[in-house]
Amino acid sequence: QVQLVESGGGLVQAGDSLRLSCTAKTNDFNGYGMAWFRQAPGQEREMVATASWIPNSFDYAYSVRGRFTISRDNAQKTVTLQMNSLKPEDTAVYYCAASWAGTVASMRGGNAIDAWGKGTQVTVSS
């Protein structure tokens, strides 16, 4: 079973950038699709970005396309989310997620996730 530990997050102003990182404790990182989800107060958890276990296959929520970039480093067993041009509506708890053999399609709905991180708070002030 993979374990996920997130880092990063915090309080920033609108227009600022922030970088989230997630380190996976597993010997089989290459076989996991990785993703970032977020949940704002009173709202359902939503997919932000996914990185398939298949190389160079990524997907983004429409609301973050062009501003956020997901990347993975299989050697370091990490996945990062670079967030630029942050908006107040990006405020949420962000969760790292792992899915065995996960593709961008299978992970989009959040139902095929095998492990979740504990979450990290991102707050964007206007």
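Bear in mind that the values here come from a model prediction, so they are computed numbers and not experimental data.
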### Query
Side chains of T50 and D59: is there a donor and an acceptor less than 3.5 Å apart?
no
### Query
Between the side chains of T91 and E89, does any donor sit under 3.5 Å from an acceptor?
no
### Task
Drop me the distance from L81's CG to W36's CH2, to the nearest 0.5 angstrom.
6.5 Å
### Query
Is the charged tip of R45 near the ring of Y95: under 6.0 Å from the six-membered ring centre and within 45° of its axis?
yes
### Summary
From the list Q121, R38, Q39, side-chain hydrogen bond (donor to acceptor under 3.5 Å, both in side chains) partner of Y94 resolves to R38
### Message
Membership question, hydrophobic clusters at under 4.5 Å side-chain separation (ILVMFWY): are M83 and V12 in the same one?
### Response
yes
### Task
Locate the shortest heavy-atom distance separating G33 from M107; write the atom from each residue and the value.
C-SD, 3.5 Å
### Task
Give the ring-plane orientation class for F37 versus W116, where under 30° counts as parallel, over 60° as perpendicular and anything between as tilted.
perpendicular
### Task
Group every Ile, Leu, Val, Met, Phe, Trp and Tyr by side-chain heavy-atom contacts under 4.5 Å, then state whether Y60 and V124 land in the same group.
yes
### Task
Work out which heavy atom in S85 is nearest to a heavy atom in S17; give both atom names and the distance.
N-OG, 4.3 Å
### Query
Do S21 and T78 have side-chain N/O donor and acceptor atoms under 3.5 Å apart?
no
### Query
Any donor and acceptor pair, going by atom type alone, linking the side chain of T69 with main-chain N or O of Q82 inside 3.5 Å?
no
### Query
Got a donor-acceptor contact below 3.5 angstrom from the E6 side chain to the K118 backbone?
yes
### Message
With a 6.0 Å cut-off (strictly less than), is the heavy-atom count around CD of Q13, excluding the residue itself, greater than 12?
### Response
no
### Query
If you take all heavy atoms of L4 and A24, which pair is closest and at what distance?
CD2-CB, 3.8 Å
### Query
Between F58 and R72, is there a cation-pi geometry (under 6.0 Å to ring centre, at most 45° from the normal)?
no
### Task
Search all heavy atoms of A98 against all heavy atoms of I113 and return the closest pair with its distance.
O-CG2, 3.5 Å
### Query
Does the pair F68 and L20 meet the rule for a side-chain contact (heavy atoms from CB on, under 4.5 Å), with working shown?
CA-CA 11 Å; F68 291 12; L20 305 182; over 6 Å; no
